[in-house]
Amino acid sequence: MSEGIEVIIKTAKAVREAHDYSGTAPKVASNKVKKTAPIRLKSLLSDWGTGAIIPLAVLTVWQLAGSAGLISPQFLPAPLSILSAFAALTASGELTHHLGVSIGRAGTGFVIGGIFGLLFGVLTGLFRKAEYLLDPSIQVLRLVPHLAIAPLIILWFGFGEVSKVAIILSGSFFPLYINTFMGIRGVDNKLFEVARVLGFSPLQKLRRLILPAALPSMLLGLRLSMAVAWIGLVVAELIGSQSGVGFLINEAKQNSNTEVIFVGIIIFAVVGKLIDSLFRIIERKLLHWRDSYQG
Amino acid sequence: MGEVMLSITQLNKSFDTAGGQVKALHEVDLEVQEGEFITVIGPSGCGKSTLLRIVAGLDTGYSGSVTLEGANIAGPGIDKGFIFQEHRLFPWLTVEKNIASDLPLNRPDIRQKVDELIELVKLNGFEKSYPRELSGGMAQRVAIARALLRNPKILLLDEPFGALDAFTRAHMQTVLLDIWRRNKTTMIFVTHDIDEAVFLGNRVVILEPRPGKIRKIVPVDLPYPRKKTTNSFQEMRLRVLNYFEKVDELELTDGAGI
């Protein structure tokens with residue numbers, strides 16, 4: 001019912017907008033009216049529903065093929081058997097335990113790497129001298145795939161928690177560093193003139209101008225850092241660990257327990273997406289003042 | 001009026017460009033009385049923006065002397081309010097927070113002054129709006145309120161209404177005169193619109209380009225509020241236009257930094 005009303009409102013709005021350009025109004029308006037049918041379909045499914053079409057179709061075909069015995073369960077277990085493996089792991093409390101350990105590691109690495117990234121980014125962004133001193137070295141390190149140094153980190157710190165956190169933080173440092181630096185350097189010079197005319201102190205310039213203006217970039221860096229931390233986590237846990245979702249996958253691989261591998265992969269995907277969504281909500285809350293193309 | 005607010009003597013300013021030195025201002029002398037409304041007019045490249053930026057303390061490296069209430073201008077500051085051609089509001093702050101900017105809005109005296117200024121620039125109801133939600137004229141009024149909150153000794157306006165449509169521009173001129181009448185702030189207003197210059201100013205300073213120097217200062221002894229349709233206004237306009245047209249027939253100059 002409400003969706004129907006929405007369609008009416010949308011159409012009315014489209015017509016009204018079209019009429020604003022009086023010259024081309026009749027032509028544009030008729031185009032908009034013709035589009036009513038697809039709009040209704042779209043709003044019925046809603047934006048979320050549109051995104052679910054492909055996964056649902058894949059799942060259905062997959063399950064049907066599995067039930068019909070077309071695919072070996074060793075090779076590709078059907079969705080429902082993955083679901084039951086998931087239920088069993090949840091019921092035993094194993095999954096919660098491993099997920100908790102994984103999130104703890106990723107979080108620790110992300111926070112430490114992020115803090116350093118932010119700190120260095122602010123420093124090099126604000127001061128040309130710091131940029132000349134630090135940025136070339138950081139750029140060289142950035143281009144080394146952080147997973148390539150994982151064996152070295154393990155050699156240095158062993159198989160304990162330290163090396164896992166080190167692998168994660170070595171990855172999550174860079175996105176936040178670069179985006180903070182770029183964000184600060186991207187602040188409109190005209191606003192700096194305003195800050196001069198209004199007599200801002202250096203600290204006020206940082207707090208009232210540079211940080212708010214660089215915030216969109218910094219939040220993007222935060223999200224990218226989070227994603228890299230999540231990837232680093234998998235690698236860290238696949239290389240010799242006794243707990244965590246990565247360990248769960250590795251162990252399942254050794255026992256040829258394909259369902260559990262899928263459970264682990266899905267957990268990584270879902271939790272990663274949830275965390276990313278959380279960041280996006282924060283982003284939207286903090287950046288509601290932006291006047292940019294919304295798609 | 002009476003006291004000298006701003007004194008400019010033998011001001012020279014050159015810019016280094018790829019093609020060598022370009023003289024932007026040549027031996028400019030100007031005295032502005034307290035409470036006076038000066039309009040500066042001239043074709044592109046006559047150095048009118050440069051003149052204003054020097055008074056604001058934004059541009060340095062000139063010869064000659066520029067003093068505000070007898071003191072040399074050391075740099076930009078809140079005693080010299082500056083309105084740019086674009087509003088240059090902070091996009092992440094609401095109207096009232098933009099006006100306050102670095103001053104705490106929760107301090108009762110600031111709160112009260114901000115409210116008064118919102119009233120003065122007629123933006124009631126838009127206190128909590130963001131710059132993206134404002135029209136060009138509204139945003140420029142916020143910028144004016146932001147400058148006025150700091151009680152500037154002088155307000156410098158660099159073609160502030162240049163980007164506005166004719167109707168909004170006329171409205172803004174009235175609003176600005178209203179503010180001037182109430183606050184008695186000394187104003188220097190740069191424009192390339194002759195009507196605007198004659199409508200607003202006590203005196204119209206006509207600059208000529210290459211090098212930028214004062215051709216003529218025309219006192220406009222018409223009472224406020226002025227009406228653009230009256231004969232006396234049109235006569236005054238023609239007088240200014242006469243001087244203005246002598247400025248090498250409005251040649252198009254390149255390298256004009258508006």
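Per chain, numbering begins at 1; letters A, B, ... match sequence-line order. Note that the structure is predicted; figures quoted are calculated from it, not measured.
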(Q) Run A/Val194 and B/Arg146 through side-chain contact (heavy atoms from CB on, under 4.5 Å) and show every step you take. (A) CA-CA 11 Å; A/Val194 173; B/Arg146 177 169 71 181; 3.5 Å; yes
Q) In terms of heavy-atom proximity below 4.5 Å to chain A, should B/Leu156 be classed as side chain, backbone, both, or neither? A) neither
Q | Within 6.0 angstrom of A/Leu274 CG, more than 12 heavy atoms from elsewhere | A | yes
Q) If you round to the nearest 0.5 Å, how far is CG of A/Leu211 from CH2 of B/Trp92? A) 9.5 Å
Q) Got a second to check how far B/Asp102's CG is from A/Arg208's CZ, nearest 0.5 Å? A) 6.5 Å
(Q) So which atom in A/Trp289 and which in B/Pro91 form the shortest heavy-atom distance, rounded to 0.1 Å? (A) CB-O, 3.3 Å
(Q) Would you call the rings of B/Tyr130 and A/His288 parallel, tilted or perpendicular, taking 30° and 60° as the class edges? (A) perpendicular
Q) Would you say A/Arg185 has more than 12 foreign heavy atoms packed within less than 6.0 Å of its CZ? A) yes
Q: Look at B/Pro152, B/Ser101, B/Ala56 and state which one has the largest set of heavy-atom pairs under 4.5 Å with chain A.
A: B/Ser101
Q) Does atom CZ of A/Phe279 have more than 12 heavy-atom neighbours, drawn from other residues, nucleotides or ligands, at distances under 6.0 Å? A) yes
**Q.** chain A interface, residue from B/Arg53, B/Lys80, B/Glu133 that has the most non-hydrogen pairs under 4.5 Å
**A.** B/Arg53
Q) Any chance CZ of A/Arg280 has more than 12 other-residue heavy atoms, nucleotides or ligands included, within less than 6.0 Å? A) no
Q | Toward chain B, the part of A/Leu209 with a non-hydrogen atom under 4.5 Å | A | both
Q: Search all heavy atoms of A/Arg196 against all heavy atoms of B/Pro76 and return the closest pair with its distance.
A: O-CB, 3.6 Å
Q) Which heavy atom in A/Leu191 sits nearest to a heavy atom in B/Leu89, and how many Å separate them? A) CD2-O, 3.8 Å
Q.
Show the nearest heavy-atom pair for residues B/Phe84 and A/Val197, with the distance to one decimal.
A. CZ-CG2, 4.1 Å
Q | Interchain contact, B/Arg88 with chain A, by part (heavy-atom threshold 4.5 Å) | A | both
